[in-house]
Amino acid sequence: SGPARAALSDPTIAWSYRNRTNPYWNEIVSGGEAFVESLGMPKSALVHLINDGSSEKSLADVKALLAKENGNVALAIDTNDAPNCRPIVEAVAASKGYVSTIWNKTDDLHPWDFGDHYVSHMTWSDLGPAEQTARILFKKMGGKGGIVGLGGIASNNPAIERKQGLLNAMKDYPDIELLDYQAADWDTQKANQIMSSFLTRFGDEIKGVHCANDTIGYGVLEALRAEGLQGVIPIVTYDGNPQAVDLVIKGDIEATVFTNPHWGGGITAALAYYAATGHFKPSDEPHANREFYGPTIMITPDDAKAFKAEYLDSVPTYDWKDFWGPGNGQISY
Amino acid sequence: MSQVMSRENLQKWAPVLVLIALILFFSIANPNFMSVRNFARIAMAATPALMISIGITFIIIMGSIDLSMEGAVAVCAVVFATLFLSLGGALDSWAWVALPATLVVGACFGLVNGLVHVKLKIPSFMASLSMGFVGIGLSLLMTGGDRIRVEDPLFRSLLTERVLNFPLMVYFAGLALLVAWFIQSRTRIGRNFYAVGGGEELAHASGLNVNRVRVLGFMIAGAFYALGALFAVARIGIAETATGYNLMFISITSVVVGGTALWGGTGGVWNSLVGVLIVNVIANGMIVIGLPRYVQDGVLGVLVILAVYLSTDRKSLAFVK
Amino acid sequence: MDLEKLKRHFPWITLVVLTLLVGLMDPNFLRPHNLIQLAGDISTLFIMALGITFVIYIGGIDLSAQSVANMTTVLATISLPLFGVWAGVFCIVIGLGFGAVSGFVTTRLKVPSFIATLAVGGLALSVGQYASGQRALYMDATLRDQAFGWMIGTTAGIPHELIIAIILLLLAYFVQNRTTTGRALKAIGAGELAAVASGLKVDQYKIMAFAFSGMFAAIAGLLFSVKLAGGSPTLAEGFLLPAIVAVLVGGTPLTGGVGGVLNTAIGAMIVAVVRTSMLYLEIPATSQQIFFGVVLIAAIALTIDRSKMRIVK
Amino acid sequence: MFELQKVDKIFPGVHALKAVDFEIKRGEIVGLVGENGAGKSTLMKVIYGAYQHDGGQVFVDGKTVRFHNPRQAMDMGVGMVFQEQSLIPNLTVMENIFLGFEKQFVNFGVIDWKKMAEAARHQLKKVKLDISPSTTTSQLSFAQRQLVELAKVLTLEERVQGDLVILLDEPTSVLAKDEIKLLFELVRDLRSRASFIFVSHRLDEVIDLSDRIYVLKDGEVVDVVNADEADVDSIQREMVGRNINKEYYREEQQKPYDDTKVLLELESVGNSGKYRDISLKLHAGEVLCLVGTEGSGREAILRTIYGLQRPESGSVSIKGQALKGFSAKCGVEKGVAYVPRERKIEGIVGGMTVFENMTLSQMGNYSRAGVLDVRHERALAREWIEKLSIKASSENADCGNLSGGNQQKVVLAKWRSGGSDIILLDHPTRGLDIGAKEDVYDMVRDMSAAGIGIILVADTLEEAIGLSHTIAVVKDGEIQKWFDCKPGCKPSLYDLIHYMI
Ligand SMILES: Nc1ncnc2c1ncn2[C@@H]1O[C@H](COP(=O)(O)OP(=O)(O)OP(=O)(O)O)[C@@H](O)[C@H]1O
Ligand SMILES: Nc1ncnc2c1ncn2[C@@H]1O[C@H](COP(=O)(O)OP(=O)(O)OP(=O)(O)O)[C@@H](O)[C@H]1O
Ligand SMILES: [Mg+2]
Ligand SMILES: [Mg+2]
């Protein structure tokens, strides 16, 4: 890769993400836009590359953008599928742009192998938090009884980790039985149907539900509501969407995990941008600053109100140059 | 002769037999399956899908196809939620207007769909596929990607209130089914669908305004998509762009599994009811008997092929496309 | 009369017009290098569309292509360490097999291709999910480059995927226009009963068409997983609709017997241009779907040759 | 009352109607004759609004009109019975009869079935057809459907005030004698109310029924004659533009066949519901004719020999070896050719060019290792277009756009050029004009002279008698009687009909 060449002058800032139909990504985008505004540019200055779950489109769009801007790009991206990460960063590096990634990346791929152009990768270690939510769930259940789990798209990293977290927690709870765990593909409708089928299959053996994210949680809640079981069977979710937080406050959800997508969206763009503009030189940073975990905040009925006040009612203004403060340390494999 | 009759009859009733066979199979595999509560759950899951399938049935009878339902449902769901909330968000206030308004929106969406199809002479497959994108886009534009919660207890009572163990929405769906049946068998437009499906050129040559029938067909379908959207929102309590996802292929599959031929002219809404039930029984049953997720797609596929295989009268078919 | 003659040329005229329109907005778009890259990036999707063309050409439809490609990415990744280059052959054969199954189900069991392929797609998906162990897999970089490196590089600024796509296109074109198979497929698309009454082995040809489709889907999947150096049962998500759109926008109607693989090449490029144009026209995120839908309607309205379609269903 | 002036109709590559002047007087029956592709159907479709004329004018009662669709024509009292069947099979008879005009039985969009059935019965009575209005149309026989179509057109009587114009495009080609008689009576009865245009290739019928006869050739009106001074020969001469050989069926060319060489043998072949215990031998150069009423099973027999249907009992052997596989493929490989009755569906592939159609059954002969030799194909096509004087703009013309007759010629050319030596002809001359018929008869003679065996299901008994060496009368799926038809000692119509019914 060699020494970083003269940095870019006002590169195009772009965010490439899955879709707009999901509150999580909307939060990410809002962060990205907040960052762009912090540079004194209008929201609209942020370029959106939406792949609708298609790695093919994701890659094609990025290449097209690089071609259009001649490599003068600061790109923040979730590559949608881990394998898609390599060709993307290779393409960006080849055209001397700058990219920061979140979530999906294969383990054999590292920013430092690309000099300065692959600025950073942030992911969230869902193992720990998912384990914690599980423990909260088990406590609520009195440490025994059957549970069911509904996961995300089976091959997605977060889906795998969140399931693993649940399994880890179970090691300490011999009386908890995992009745079944099925992938609900992050989809509310699917989750709803799977949950109601679970109710048929296990009837009142089900004492608790572990959901891989909030959208799944909504489906499960409604399936329970239909049977008049909401509030009777405790559930835990993940992501900490505003609506989920409200449900935690209402006590419908026992716990969810806030990964601060707003900050994540902003800071990922910021990393790419400030590296591109030469504000800092990635290759001078320690590995811990190039592959790191994002922040996670556990939300339970006790602290939900306070949390809402602090993070949601008025979105805090972040210092987009404090790249690593809120982070959670280097990624370990 | 009589034995020919019985063969035809068997073919005609094959979907029902398949449905019964499936129910028996799953019940044996897991007795819990055979319970009113579970049937209620299947019914709930099937309600929105049934509305969509009824809508597409009319189109398929005409020998056309409609792939716009995902977009249509998204638009209807979002429009409903927005209107409902802006009108007070309680069914016992003026907000009830949102219900009929949504049906109108659905019909209008169908109208545009139909006009694009007949006026621009674009095959329905493409026209509706494109309109699907437009619909998704519209709902996205309206919500900016956020989801809208509809929590009015009266409206949600469609899900929460039960009569004879079945939630209200199931009965309303049944009502809609009867209406659809009436349209199909008693009304002029309904019969014209069959005429167009049986021989479009001939129908035109004998003075039928085929394009008008077409457009009306898509409007009626649109209205039923709107109903589907309403039930979907009632079931989940959320209106969003994703409300319509995964409805396209499954609803068309249901229609065909029910015994309505894709080349038009035959079948009807009762077939679609059976088809929808078959598909939902399979979906529910596979989980109830504890099939791992990764085999479910395959199993569904095989069962669908089997069902269609049994219910098609191959002797009378020269070929299928 | 002249219009009639012109009609056949509408697809590529539309393509050129669209390209120039975007070019007006931003001349950069027209840089050869840029256009070549555009073509290169659509190649994988085009290869899948190429296969689907054969099925639509005989009046059917193949909805299994995406799932077959998904499965292939997994199988390719798994089998690479085992078979090396032969992993490619292995995948292609599997794809061919799944296609043939679809063909068998439509022709022999008389299940409409729309449903048959959807169902067979489900099978492929299950195989993919099972084989992947429900996780994203990645290829060892060196192994990949040894076996399939030739697939991805560029020569004289031309991406190898594009070259592969063009070679496949020429092959398909030859089959379609110069061979008895191609002629038979056309006859089946335009008048199946007459084809039967002329003593053609219609069922075999139909199964062949589906098998082609499966094979091309597998090639697309293989190419894609090599490109991404990995596989997952969802890697090829989002291929299907654009691929079908490419075929239809190119001017091969679902009624069959008309159009062909060249049209699909044009159609794929149209899809690529429309997709990229959103970037150049700076369409806001929430309007992109609408834009795509509307442009699609316009493009199809222009490209399809209705003179060969007696009725528009 | 109804007049066309200088009407032109141009299709891609075909000038179908050239400045046609045409007039129908009140209560008149106008005959319209012409070769295949002369433009009869096109002319009718222009009058009916199915096609729009590109030049000239149409007057109704002196006022110019332009019908943009059949609907408008109907409202002006124009109705048409089509050359091809035009009822919708999956609908009931009554729905077909009132298709597009249900309004009268509809209130608030709801159909009153009783009322419609009543009205339908009334219409069916007009054509003396005694079937339940709620029968599904697909269950009717050809003839019944034809009558239902007529009944459908006759609804104009009630619907439209004033004069009607009813167009009959070859209505008789599928009807049996007595049905034709019934049709003619009807037409005559209706003159008070309606004028008719009557298209047929059977000139005697035309002369018998109509008052004036328009002769169309290559899209031009070459003559208008009054029926009473018209005679078949002169009209034929005008249609074809040359003398018609009196010895129509080429009997004088009939050579005895070689009864030592058996090409095809059926031994007590049976197929439940279609035919029973059929045994026959076909020799080289023999023309064997299956005679029977509609639905007697002849077509089914042909389809079995060709391999489209598998017999349930008995054995079929071709050139000494028994058939095992039953598929069209096998048939063709064994040198069997089949000219189907459903020409547009099974005969030609619409949307494919003439030359592609001609080589479809024999691509093997025009390809090396699966690669086609298109130049060679074209040459063949040009040769046969020439030979059979097929009206097509070129060998690249879309077969689907050829007129019925010319399509048939393409089908024949396909098999003839393919060199099959057992040829099954199902109504080969149905819908053909004399010119074309002559060509067909010539081909039959040539083929039999060339030692080809032919099984023929003829359009008319005369044809059967004229052409065949041997006649088998089929009734209810069984062969009733064999006749030997050497020239000179041919059986009479009466002999045959006696065994047919
Ligand atoms: N839809 C069409 N498109 C192009 N050409 C057509 C079309 N219909 C008819 N033609 C051409 O117009 C001419 C007249 O056809 P038409 O069917 O009127 O002949 P016809 O007198 O009815 O013949 P036949 O006695 O065989 O029915 C023919 O050359 C035919 O090829
Ligand atoms: N492919 C087929 N499948 C089912 N039934 C058939 C088939 N072909 C013929 N039949 C039936 O066999 C009987 C004989 O029909 P066919 O058309 O052979 O009469 P036909 O003797 O050819 O009369 P014509 O040739 O004068 O029309 C009819 O009842 C017909 O419905
Ligand atoms: Mg005609
Ligand atoms: Mg017959």
Side-chain angles (χ1 to χ4, degrees), chain B residues 62-65 71 116-118 120-127 129-141 143-145 200-201 204 210 241 249 252-253 256-257 261-264 292-305 308-309 312-314 317-321, chain C residues 58-61 63 67 105-107 109-116 118-130 132 134 188 192-193 196 202 206 233 241 244-245 248-249 253-256 285-297 300-301 304 306 309-313:
Chain B
M62 288 194 293
S64 301
I65 192 81
V116 169
H117 167 37
V118 301
L120 300 183
K121 292 203 174 59
I122 298 176
S124 53
F125 188 101
M126 290 311 290
L129 186 60
S130 316
M131 281 305 291
F133 290 125
V134 174
I136 297 281
L138 277 176
S139 68
L140 206 50
L141 210 52
T143 59
E200 168 148 15
E201 279 165 313
H204 179 262
V210 173
T241 306
F249 289 138
I252 294 174
T253 307
V256 177
V257 167
L262 274 175
W263 44 91
R293 175 63 199 282
Y294 56 83
V295 298
Q296 288 179 13
D297 303 287
V299 173
L300 179 63
V302 173
L303 290 177
V304 163
I305 291 178
V308 178
Y309 171 77
T312 36
D313 175 4
R314 278 171 305 288
L317 279 182
F319 62 89
V320 302
K321 289 285 187 189
Chain C
I58 62 168
I61 181 102
L63 302 177
S67 307
V105 174
T106 12
T107 52
L109 308 190
K110 296 265 166 79
V111 176
S113 54
F114 191 103
I115 301 301
L118 207 53
V120 171
L123 275 175
L125 212 54
S126 284
V127 173
Q129 285 170 325
Y130 176 72
S132 70
Q134 328 269 309
I188 293 167
E192 184 154 350
L193 285 175
V196 174
V202 169
K206 285 174 91 173
L241 288 187
I244 293 178
V245 167
L248 300 177
V249 174
L254 289 148
T255 43
T286 44
S287 319
Q288 296 188 353
Q289 293 267 16
I290 301 181
F291 178 84
F292 189 67
V294 173
V295 175
L296 210 56
I297 293 175
I300 296 161
I304 50 172
R306 299 166 183 81
M309 290 189 242
R310 279 181 166 52
I311 55 175
V312 183
K313 274 200 160 177

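We name chains A, B, ... by the order of the sequence lines, and we start the count at 1 in each one.
Between the OG1 atom of C:Thr286 and the CG atom of B:Leu141 there is a distance of 5.0 Å, given to the nearest 0.5 Å.
Here the side chains of B:Met126 and C:Ile304 are not in contact, with every heavy-atom distance at 4.5 Å or above. The shortest side-chain heavy-atom distance between B:Val256 and C:Phe114 does not fall under the 4.5 Å cut-off. Side-chain contact between B:Thr253 and C:Leu118: present, with at least one pair of heavy atoms (C-beta onward) separated by less than 4.5 Å. Considering only heavy atoms from C-beta on, B:Ser130 stays 4.5 Å or farther from C:Phe292 through its side chain.
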>> Using side-chain contact (heavy atoms from CB on, under 4.5 Å), reason through B:Phe133 and C:Ile290 one step at a time and then give a plain yes or no.
In response: CA-CA 6 Å; B:Phe133 290 125; C:Ile290 301 181; over 6 Å; no
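Interface remark: C:Ile297 contributes backbone and side-chain atoms alike to the contact with chain B (heavy atom separation under 4.5 Å). When heavy atoms are compared at a cutoff of 4.5 Å, B:Leu129 approaches chain C solely by way of its side chain, counted from C-beta outward. Both the backbone and the side chain of C:Val294 have a heavy atom closer than 4.5 Å to some heavy atom of chain B. Contacts between C:Gln134 and chain B at a heavy-atom distance below 4.5 Å involve the side chain alone, from C-beta outward.
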Listing, residues 297-304 of chain B side-chain donor-acceptor contacts under 3.5 Å, not counting sequence neighbours, or none:
none

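Heavy-atom pairs under 4.5 Å with chain C were tallied for B:Gly137, B:Gly71, B:Gly135; the largest tally goes to B:Gly137.
The heavy-atom pair separating B:Arg293 from C:Gln129 by the smallest distance is O-OE1, 4.3 Å. When all heavy atoms are compared, the tightest approach of B:Tyr309 to C:Val111 is N-CG2, 4.2 Å.
C:Tyr130 is linked by a ring-ring contact (aromatic ring centres under 6.0 Å, His included) to B:Tyr294, counting only residues two or more places apart in sequence or in another chain.
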